[in-house]
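This one's a predicted model, so the numbers in the text were calculated from it and none came from an experiment. Numbers for residues simply follow the sequence, beginning at 1. Numbering of ligands and ligand atoms starts at 1, following listing order.
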Amino acid sequence: LKEPASRTITEDGRLMLARMAKEGIETAWDRYEAQLPHCGFCELGLSCRNCVMGPCRIDPFGEGAQKGVCGADADIIVARNLCRMIAAGAASHSDHGRDLLEILKAVSEGKAPGYTIRDEAKLRRLAAELGINADDHGDLLSLAGAVAERLEEDFGTRKKAVSFVKRVPEKRLALWQKLNIVPRGIDREVVEMMHRTHMGVDNDWKSLLLHGLRTALADGWGGSMIATEISDVLFGVPKPVESSVNLGVLKKDQVNIVLHGHNPLVSEMIAQASQDESLLELARKKGASGINLAGLCCTGNEILMRRGIPMAGNHLMTELVLATGAVEMMIVDYQCIMPALGDLARCYHTRMISTSEKARFPHMEHREFHPEGARELAYQLVKEAVENFPNRIAERVYIPVEPVKIISGFSVEALLEAMGNSLDPLLDAVKNGLIKGAVGVVGCNNPRIRHDFGHVTLTGRLIANDILVVDTGCAAVAHGKAGLKQLKAAEKAGPGLRKVCETLSIPPVLHVGSCVDNIRILVLAAALANSLGVDISDLPIAAAAPEWYSEKAVAIACYAVASGIYTVLGVTPPIMGSRNIVGLLTSGLKEVVGATFAVESDPERAADLIIAHVNSKRKALGLS
Ligand code: SF4
Ligand code: FE2
């Protein structure tokens, strides 16, 4: 067995992996090693299963087959595969956004007791932005219904552009118009992507990739943006909040309920139920001193940002959390939930609950959430978790570390408020060089990269060089565990950034949310570009996904680049089989959308690339 320290840089991860190895419990790292060596054709993107004349594969050494049965060459096959990844990623974020719209609609019709409009001001701002006249709607619920319906139209085929392209800086939008990649309807672009990649449709790798960018933009400025904005309306716009992170957030003397997945619809209801006096009383009767909620992955990020609920870990910690033996119930919704979890939980007393009509898992009990009965079901599940507390086997409980303190909750609104409702303090800090630039460090974990090493190393280098970091997803959890989300982390920043952090009382690494909340970065970048009268691609900003693994991450990276943001990937996407496509994505795109990808698995070298990029953008803007 491999040394735990070679798998993760985190203390909780190392200690737990050592214990799991001793107990013979398998993890994603073990299964990853069992898969090695990976198929070389698939790694290069050179295998195709799009029809059953194949499967086909292209010989990368030029000796064997150079074309599939249909005649598709390496460029076509790589492009089609990449485009299908984008479509799947965009579909996932956008379907999540649609689920929120359906709840908003149900709230407006009085069919979702337990849910409510928690941020009226945001709803009114959105309505005004969408051109809905509040005076035409007698009450707030009717206005909410109108907003839901208007945004539901963004999914269809009747519009020329999704609503939020209004937020795109003028120059950027003009560029998209010229390239014909303005996203029209969210579902439409995804469906068209699947159509184009069917055998015998689009066989020009450049035109495939252009539509790939349009599909990704339908995610970033469409589905993901809807998910974030409507979550803010239903559950509140995040404000700075203190909390804590790592396996130590689980409590020995309390009922632990872990919430995992991506959509806040279920977890928000559980959070409400866990405060119910009668359930707290029941917990005490069962010998527990309280009911403790903890999050995982992006569901964790959602309830951390809005409620300060502690975060147990990121993607690669999801199995390790169960091995504490201290979890009474894990409740999952969808996305990034390893199908291994249910089986692993059978080693413990943990009850595993799946909740979404769309997402079922082996060895989990399925208790489906629907808006009408969500409140009752949440109450029932928390009750069952409490009743499971006496089944915990005390000798098996192992919570190896103390939690680390963090500050979360930096929505764009909250950031603006911290700056006195103006972008000027940030712009001034960038202009006078206190802050050199800003970088979004985002994305997942992947057993190909030592757990959290990519995130923490890159971010440490960036802040030391006076570059402000904003983060989401699993990257945010990694930074939190490393202590970078505390005010005192300003000590690790360069002198300029440190000064800004101390003046504004913010950490140098700002948590802006879950993966759909990457759009908060887009919104902020667009606002900065607009106030300077430049394009997003002119700003001294960049993005990085040092440990990404998912199709959703591919969609995010593509909408970042298509929006003009230079993006560095720490894991190589399956495109290396096409020299043309690698060339386009890493340099040619500069001429097309003003930004490119880079692939760099060494986070130190990734930091060098980003620092050089930020400096070149500063120079072009006439800043020193
Ligand atoms: Fe082979 Fe073409 Fe079918 Fe792909 S689409 S499996 S390359 S014949
Ligand atoms: Fe996520």
Side-chain angles (χ1 to χ4, degrees), residues 41-42 44-59 64-84 88-90 92-97 194-203 205 208 219 223-224 227-228 231 259-264 267 295-305 311 313-318 332-338 359 440-446 455 471-478 511-521 545 547-557 577-578:
F41 297 100
C42 290
L44 295 170
L46 287 174
S47 49
C48 180
R49 285 185 295 107
N50 286 15
C51 87
V52 291
M53 293 193 286
C56 303
R57 53 193 194 178
I58 305 297
D59 179 1
Q66 293 302 295
K67 284 187 176 153
V69 177
C70 66
D73 62 10
D75 296 334
I76 296 172
I77 289 177
V78 169
R80 283 196 306 216
N81 289 339
L82 180 66
C83 284
R84 285 202 165 189
S92 304
H93 289 137
S94 304
D95 206 40
H96 163 174
M194 297 308 285
H195 178 195
R196 286 188 190 226
T197 50
H198 187 280
M199 170 10 219
V201 186
D202 196 351
N203 289 289
W205 57 274
L208 276 165
D219 175 354
S224 280
T228 294
S231 294
L259 300 157
H260 179 18
H262 276 76
N263 193 315
S267 48
L296 281 175
C297 289
C298 281
T299 284
N301 280 317
E302 299 275 356
I303 50 180
L304 167 61
M305 286 281 285
M311 172 67 94
N314 46 14
H315 181 57
L316 280 175
M317 294 302 289
T318 57
V332 308
D333 48 89
Y334 47 49
Q335 296 175 15
C336 303
I337 297 150
M338 293 191 208
V441 180
V442 308
C444 334
N445 296 136
N446 184 329
H455 299 307
D471 62 8
T472 60
C474 289
V477 184
H511 188 198
V512 303
S514 63
C515 298
V516 290
D517 292 339
N518 279 316
I519 70 91
R520 298 192 200 274
I521 303 175
E547 304 178 30
W548 74 278
Y549 89 90
S550 76
E551 292 165 320
K552 291 180 293 173
V554 177
I556 293 169
S578 163

S.K.: Where do Cys297 and Gly261 come nearest, in terms of heavy atoms and distance?
M.R.: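 Shortest heavy-atom separation between Cys297 and Gly261 comes out as CB-O, 3.9 Å.
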S.K.: A side-chain contact here means heavy atoms from C-beta on lying under 4.5 Å apart; do Asn445 and His455 qualify?
M.R.: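 With C-beta onward as the side chain, the pair touches.
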S.K.: Is there a side-chain contact between Trp548 and Val554 (heavy atoms, below 4.5 Å)?
M.R.: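 In contact.
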S.K.: I'd like to know whether the aromatic ring centres of Tyr549 and His315 sit less than 6.0 Å apart in this structure.
M.R.: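 So the answer is yes for these two rings.
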S.K.: With a 4.5 Å cut-off on side-chain heavy atoms, are Glu551 and Arg84 touching?
M.R.: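 Answer no - side chains too far apart.
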S.K.: If you count every heavy atom of other residues, nucleotides or ligands that lies below 6.0 Å from Arg57 atom CZ, does the total exceed 12?
M.R.: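 No, not enclosed.
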S.K.: Closer than 2.8 Å to atom 4 (Fe) of ligand 1, how many protein N/O/S atoms do you count?
M.R.: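 Counting protein N, O and S atoms closer than 2.8 Å to atom 4 (Fe) of ligand 1 gives 1.
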